[in-house]
Amino acid sequence: MLHEKMAYYEALRYLANKYQIEIPDEIDPSVLEAEKQAESLYIVNTFAANYFANYLQTDPEGQTLGLSYFNARGFTNNDVVKQVQLGFSPDNFDSFLHEAQQKGYSVDLLQKAGLVSEKNGKVFPFFRGRVIFPIQNLSGKVVAFAGRTLHSAQQPKYLNTPETAIYHKGNLMYGLYQARQSIRQKDQCILVEGYTDVLSLRLVGIENAVASSGTSLTTEQSKLIKRFTNNVLILFDGDNAGVKAALRGIDILLEDDLDVRVLLLPDGEDPDSFAKKNGRMATEAYLTTESADFIRF
């Protein structure tokens, strides 16, 4: 309960599952059915994450398009890439669906997980021709995906899994599962805007960064942060959009009585580019000396 910030009942379930101990209790059948459905969604999402990651690393299309994109962004550290299971979704209508059905996953389950869509009686993959960022919950289970297009003509730029029984994007923070220990140790959470910002900071050794998962900061996300620290550094781009996002975030974080500092990077810089240029020590020093409390900001 202390280490993972779980509720008592949740901790019991976690440990019972880990050590294969059955907990005999009376549970409402509807609750059991919901748990069974959630477990099925976790399993199919694990399959999808492995499929996208393998496609990125082994398929010629994944290597040429997806891996080239990640390498160009500086994500050449295989440990980090594999830890967060970056992937690529093929740009066709058949490969993923065929593989999923071969493994025994029904179209109905794939639809409930938001992995396929249906239009005019035809089923097709929800993500096509995009690099994939798996999104994990606090237990490390993959609950959703974000797909970034590699073609300027393809919109939207980022596509997130639709809301499902296990995924409510306003309740999750990208990277929090990997960052939670570092946040506790440093007693500070760095809040950035994008998935690649989180990964770029992690690549240089700054591991206490998280991002809102395809949405503006929510009160639920603020409460998640507060479970691990009372100190937040908002690190956003210095353009108008970054300023507005920072102001919105400040209001939400203050409502939870969090200590908020803000740092807007110089024009043309984002956490991704800044961390790559300056490395860990210079970036950490800059964050410490140049950030301001929310009143000064």
Could you go step by step and tell me if Leu247 and Phe297 meet the side chain to side chain contact (heavy atoms under 4.5 Å, CB included) rule? CA-CA 9 Å; Leu247 289 171; Phe297 173 73; 3.7 Å; yes
Side-chain heavy-atom pair Lys141, Thr46 within 4.5 angstrom cut-off: no
If you define the side chain from C-beta out and look only at heavy atoms, does anything of Gln178 sit under 4.5 Å from Gln136? yes
Side chains of Ser95 and Asn92, donor plus acceptor under 3.5 Å: yes
Under 4.5 Å between any side-chain heavy atoms of Met173 and Ile225, yes or no? yes
Is a salt bridge present between Lys122 and Glu118, judged by a nitrogen-to-oxygen distance below 4.0 Å? no
Please verify the inter-ring angle class for Phe75 with Phe70; under 30° counts as parallel, over 60° as perpendicular, anything in between as tilted. tilted
Count the heavy atoms of every other residue, nucleotide or ligand shown that sit under 6.0 Å from CD of Glu22, and state whether that count exceeds 12. no
Determine whether Leu287 and Met281 fall in the same hydrophobic cluster, where Ile, Leu, Val, Met, Phe, Trp and Tyr are linked whenever their side-chain heavy atoms lie under 4.5 Å apart. no
All heavy atoms of Ser291 vs all of Leu233, minimum pair found to be CB-CD1, 3.6 Å
Under 3.5 Å: donor-acceptor pair, side chain of Arg180, backbone of Tyr177: yes
Checking Gln221 side chain against Leu172 main chain: does a donor-acceptor pair fall under 3.5 Å? yes
Using modelled atom types and a 3.5 Å cut-off, is there a donor and acceptor pairing between side-chain atoms of Asn45 and backbone atoms of Val143? yes
Might you point out which heavy atoms bring Ala209 and Leu201 nearest each other, and give the distance in Å? CB-CD1, 3.6 Å
Sole residue of Phe133, Phe88, Phe96 in ring-ring contact (aromatic ring centres under 6.0 Å, His included) with Phe52: Phe96
Are Tyr55 and Phe124 co-members of a hydrophobic cluster defined by side-chain heavy atoms under 4.5 Å apart? no
Main-chain N/O of Thr218 paired with Ser222 side-chain donor or acceptor, under 3.5 Å: no
So does Ala144 get a backbone contact from the side chain of Thr161, meaning a donor-acceptor N/O pair under 3.5 Å? no
Note: Leu115 and Phe145 closest approach over all heavy atoms is CD2-CE1, 3.7 Å
Yes or no on side-chain hydrogen bond (donor to acceptor under 3.5 Å, both in side chains) for Gln85 and Asn50, after CA distance, side-chain angles and deciding distance? CA-CA 7 Å; Gln85 280 194 289; Asn50 291 333; 2.8 Å; yes
Give the minimum heavy-atom separation between Leu86 and Leu199, together with the two atoms involved. CD2-CD1, 3.8 Å
Side-chain contact, heavy-atom cut-off 4.5 Å: Ile190 with Val192? yes
For His98, I'd like to know if atom NE2 has over 12 heavy atoms of other residues, nucleotides or ligands within 6.0 Å. no
How close do Ala113 and Val44 get, counting heavy atoms only, and between which atoms? CB-CG1, 3.7 Å
Is there a side chain to side chain contact (heavy atoms under 4.5 Å, CB included) between Val260 and Leu254? Walk through the geometry before answering. CA-CA 7 Å; Val260 184; Leu254 289 178; 4.0 Å; yes
Is a salt bridge present between Lys277 and Glu269, judged by a nitrogen-to-oxygen distance below 4.0 Å? yes
Determine whether a donor-acceptor pair (N or O, by modelled atom type, separation under 3.5 Å) exists between the side chain of Thr164 and the backbone of Gly114. no
Indicate yes or no: at least one non-hydrogen side-chain atom of Ser200 is less than 4.5 angstrom from one of Asp197. no
Given Tyr158 and Arg130, is the side-chain hydrogen bond (donor to acceptor under 3.5 Å, both in side chains) satisfied, shown in steps? CA-CA 9 Å; Tyr158 276 96; Arg130 292 172 179 265; over 6 Å; no
Look at the side-chain heavy atoms of Ile, Leu, Val, Met, Phe, Trp and Tyr, link any pair under 4.5 Å apart, and say whether Leu258 and Leu176 land in one connected group. yes
Verdict with reasoning, Asn230 to Asp259, per side-chain hydrogen bond (donor to acceptor under 3.5 Å, both in side chains): CA-CA 6 Å; Asn230 284 320; Asp259 182 12; over 6 Å; no
Leu217 and Arg248, any side-chain heavy atoms less than 4.5 Å apart: no
Heavy atoms only: give me the nearest Pro134-Val84 pair and the separation to one decimal. CD-O, 3.4 Å
With a 3.5 Å distance limit and no angle check, can you tell me whether Gln37 reaches the backbone of Ala165 through a side-chain donor-acceptor pair? no
Between Tyr195 and Arg148, a side-chain donor and acceptor under 3.5 Å: no
Residue from Ile206, Leu235, Thr288 passing side-chain contact (heavy atoms from CB on, under 4.5 Å) with Thr283: Ile206
Quick one: are Cys189 and Asn208 in side-chain contact, heavy atoms under 4.5 Å? no
Looking at side-chain heavy atoms only, is the closest gap between Val232 and Arg261 below 4.5 Å? no
For the backbone of Gln63 and the side chain of Ser68, can you confirm whether one donor and one acceptor N or O come within less than 3.5 Å of each other? yes
Does Glu207 come within less than 4.0 Å of Arg280, counting only side-chain N to carboxylate O? no
Verify the distance criterion only: is there a donor paired with an acceptor across the side chains of Asn137 and Tyr167 at less than 3.5 Å? no
